[in-house]
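So the structure is just underneath, and the comments pick up after that.
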Amino acid sequence: MSENQSEEVQQIEKLYEFSERLNASKDKSQNVEDYEGIIKMSKTSMKAKQLASQLIPRYFKFFPSLSTEAFDAHMDCIDDGDLGVRVQAIRGLPLFCKDTPDIISKIVDVLVQLLNTEEPVERDAVHKALMSLLRQDPKASSTALFTHAGVTPTTDDQIREKVLNFIRDKVFPIKGELLKPQEEMERHITDLIKQSLEDVTGGEFKMFMDFLTSLSIFGGKAPPERMQELVEIIEGQADLNAQFDVSDTDHIDRFISCLQLALPFFARGAPSSRFLNYLNKHIVPVFDKLPEERKLDLLKALADISPYTTAQEARQMLPSIVQLLKKYMPARKTGEEMNFTYVECLLYAFHHLAHKVPNATNSLCGYKIVTGQPSDRLGEDFSELNKEFTERLTTVEDLTKATMKKLTQGMSEHNKAMSAAKTDEEKASVKTKKQNTTTGLRTCNNILAMTKPLHAKVPSFIGDTNINLSWKEATKPLASATTTIGGKRPASSNNGSGNNVAAKKGRVSGAMHSQLVNKAFEGISAYGGGRGGNRSWGRRGGGRGRGQGRGHW
């Protein structure tokens with residue numbers, strides 16, 4: 001045995017002696033020399049450091065006068081050049097908190113800094129140590145952990161990313177085990193998440209919202225006020241207090257995606273008034289000035305939110321919706337372009353709004369609808385408005401029927417092409433064309449279903465969900481065309497469950513739907529829909545002490 005090995009054996013033996021005496025002692029605080037011996041041995045050989053890393057936290061609570069010296073010695077082991085020593089020291093960190101819970105926050109802070117390690121074994125030890133602390137004291141540990149999830153002037157982006165990944169991958173999946181007592185801890189986590197949302201990317205925000213909606217306090221039996229709480233969180237991200245700048249595409253994207261995130265909560269009773277008011281006051285009046293690739297997304301969002309309006313909101317919004325309808329429904333067949341999906345969106349919104357306040361259409365479209373209210377305006381002559389509106393409906397129907405005929409012929413040609421296709425690539429190409437054509441036909445069918453009941457002097461307005469908007473049924477394309485709504489943080493970031501903030505189940509993103517329908521209507525009508533494409537959202541607002549490289553919403 002070499003001299004070094006012999007010395008190491010003696011050190012290990014001494015450590016066992018110290019530990020045995022401490023174990024046997026009824027008043028361990030009297031064994032100061034033994035604990036000092038353990039601390040001293042933590043600065044010797046590799047094996048001694050590993051064993052000392054187990055013993056220092058085990059007896060830590062009995063020697064408060066040595067707490068600083070003991071903790072510093074343990075931290076030296078965590079900084080050791082040997083991986084085995086570091087891993088053993090990391091495993092010992094939760095033991096410090098077992099009988100001294102007041103230092104949990106300090107230990108969590110240490111472990112959070114260690115998340116940045118590139119060594120898989122070491123990283124696994126850190127994860128397990130953090131999970132051990134979360135099980136010991138969920139409230140204190142989660143509070144300490146979430147202090148690193150928010151953005152402050154001193155936040156290290158790399159560490160923050162590791163913390164968010166840990167929360168997503170390790171904490172969220174076992175929330176049922178960790179969050180006890182359930183309601184108290186779910187409320188605590190909700191408050192922590194709210195505090196972490198000051199400056200987040202789209203992927204991060206969706207990750208947090210997914211977690212919140214999975215909590216039982218926001219579950220299927222939650223009252224409307226809980227849904228309102230979630231909507232208020234989303235409203236904060238949408239910057240509804242900000243002055244609207246038509247050139248700020250980041251804000252437009254964030255507004256649309258936040259609105260789409262809020263839709264399920266509107267359906268469960270949360271008020272949509274703030275989104276609607278912002279739409280009506282700031283965005284719809286400057287619709288013509290919006291970037292082309294955002295117009296379709298905005299109209300689809302408008303269609304999606306229209307079923308959740310109050311009568312008062314519907315009355316306020318109808319005039320601007322009718323104006324947009326007239327803009328995109330040609331007055332006569334003069335070769336004027338018609339954007340079929342724009343018309344589909346606007347007709348859908350018109351029906352739902354008019355269903356809430358039918359007599360508001362008297363002065364807007366010339367319909368004579370009697371409700372017995374002063375707002376009926378039956379004594380005024382709006383016959384010219386009715387004639388013009390009806391003519392536009394007829395023109396839309398004629399164009400739509402002609403387009404359907406060509407799309408149907410195209411589908412027949414696609415079927416023949418599929419039979420003749422030999423390679424997988426050819427078959428995939430034809431299949432995509434068929435899907436595009438099917439989407440176009442759905443759009444046309446929806447338009448005809450919505451124009452037909454509007455020809456009567458006293459029309460019926462559709463106020464239910466029997467019309468399935470074409471993009472909600474669109475099949476996921478097989479071609480390489482993809483889109484990302486919500487953007488990403490810098491390339492190194494992979495936070496969130498993907499960054500597609502706006503895409504929900506059964507819904508294709510605005511840009512994607514636009515691409516599909518453009519192809520379907522190619523050569524049939526001068527379809528001028530949104531061009532779409534990949535979009536990245538800049539960080540929320542300015543002046544928060546973050547650089548422009550901070551990432552994207």
Side-chain angles (χ1 to χ4, degrees), residues 131 134 138 142 145-146 148-151 160-179 182-183 185-222 224 226-238 253-270 272 275 301 304 472 476 483-489 493-509 535-537 539-540 551-553:
M131 293 307 295
L134 284 164
S142 59
L145 187 62
F146 269 87
H148 300 275
V151 174
R160 178 175 177 274
E161 181 185 336
K162 300 289 186 184
V163 170
L164 291 176
N165 287 343
F166 175 77
I167 291 171
R168 180 197 64 200
D169 298 336
K170 303 296 182 180
V171 180
F172 287 4
I174 61 167
K175 61 182 184 298
E177 175 189 340
L178 294 177
L179 302 184
Q182 189 179 58
E183 186 165 350
M185 278 305 301
E186 286 189 352
R187 172 50 57 195
H188 180 65
I189 287 291
T190 299
D191 293 339
L192 292 176
I193 287 175
K194 285 182 180 180
Q195 294 164 20
S196 304
L197 295 177
E198 176 65 19
D199 188 0
V200 291
T201 67
E204 292 163 4
F205 184 59
K206 187 173 187 303
M207 177 189 78
F208 282 128
M209 287 305 300
D210 284 346
F211 183 53
L212 288 177
T213 54
S214 73
L215 299 177
S216 63
I217 60 172
F218 299 111
K221 296 181 180 179
R226 290 273 171 83
M227 297 303 100
Q228 182 174 350
E229 182 181 354
L230 293 176
V231 167
E232 287 172 356
I233 294 172
I234 298 171
E235 288 170 350
Q237 290 296 311
D253 289 345
R254 187 166 60 251
F255 175 86
I256 292 170
S257 290
C258 285
L259 193 159
Q260 289 171 328
L261 275 177
L263 287 172
F265 313 125
F266 297 152
R268 292 177 60 188
S272 59
F275 273 102
D304 279 333
K472 293 189 175 182
K476 188 176 180 180
T483 188
T484 301
I485 294 182
K488 299 177 74 176
R489 287 171 67 86
S493 173
N494 58 0
N495 293 320
S497 48
N499 287 314
N500 196 351
V501 175
K504 304 297 286 180
K505 290 181 181 177
R507 184 185 305 139
V508 174
S509 74
R535 304 200 302 246
S536 58
W537 297 7
R539 67 190 183 89
R540 294 188 57 236
H552 307 290
W553 231 92

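Throughout, residue positions are numbered sequentially from 1 according to the sequence presented. Keep in mind that this is a model prediction, so the values were computed, not measured. Values below: all heavy atoms of this structure, side chains included; hydrogens, waters and symmetry mates excluded.
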Side chains of [X] and [Y]: closer than 4.5 Å at any heavy-atom pair?
X      : Y      : value
Asp210 : Phe172 : no
Ile233 : Ile193 : no
Lys175 : Phe211 : yes
Leu178 : Met185 : no
Thr190 : Phe218 : yes
Ser142 : Leu192 : yes

Value rounded to 0.5 Å, distance of [atom1] in [X] from [atom2] in [Y]:
X      : Y      : atom1 : atom2 : result
Thr201 : Glu161 : OG1   : CD    : 9.5 Å
Leu230 : Met209 : CG    : CE    : 5.0 Å
Ile234 : Phe205 : CD1   : CZ    : 5.5 Å

Restricting to non-hydrogen atoms, name the atom on [X] and the atom on [Y] that form the minimum distance, rounded to 0.1 Å.
X      : Y      : value
Glu186 : Ile217 : OE1-N, 3.0 Å
Gly269 : Pro224 : O-CB, 4.1 Å
Val151 : Arg160 : CG2-NE, 3.5 Å
Met131 : Phe166 : SD-CZ, 3.6 Å
Lys221 : Arg268 : N-NH2, 4.4 Å
Leu164 : Ala149 : CD2-CB, 3.9 Å

query: For the residue pair Phe255 and Phe275, is the inter-centroid distance of their aromatic rings smaller than 6.0 Å?
result: yes
field: Set of residues satisfying side chain to side chain donor-acceptor pair (under 3.5 Å) with respect to Gln195, sequence neighbours excluded
entry: none
By side chain to side chain donor-acceptor pair (under 3.5 Å) - contacts of Gln182 (at least two apart): Ser216
The criterion is salt bridge (charged side-chain N to carboxylate O under 4.0 Å, His left out); which residues satisfy it with [X], sequence neighbours excluded?
X      : answer
Lys170 : none
Arg226 : Glu183
Glu229 : Arg187, Lys194
Glu232 : none

- prompt: Hey, mind stepping through Leu179 and Leu215 against side chain to side chain contact (heavy atoms under 4.5 Å, CB included) and telling me if it holds?
  reply: CA-CA 10 Å; Leu179 302 184; Leu215 299 177; 3.9 Å; yes
task: Any chance you could lay out the side chain to side chain contact (heavy atoms under 4.5 Å, CB included) test for Ile189 and Phe146, step after step, and finish with the verdict?
output: CA-CA 9 Å; Ile189 287 291; Phe146 269 87; 4.1 Å; yes
message: Is it the case that the side chain of Gln237 and the backbone of Leu197 share a donor-acceptor pair, with hydrogens and angles ignored and the cut-off at 3.5 Å?
response: yes
message: Using modelled atom types and a 3.5 Å cut-off, is there a donor and acceptor pairing between side-chain atoms of Ser257 and backbone atoms of Arg254?
response: no
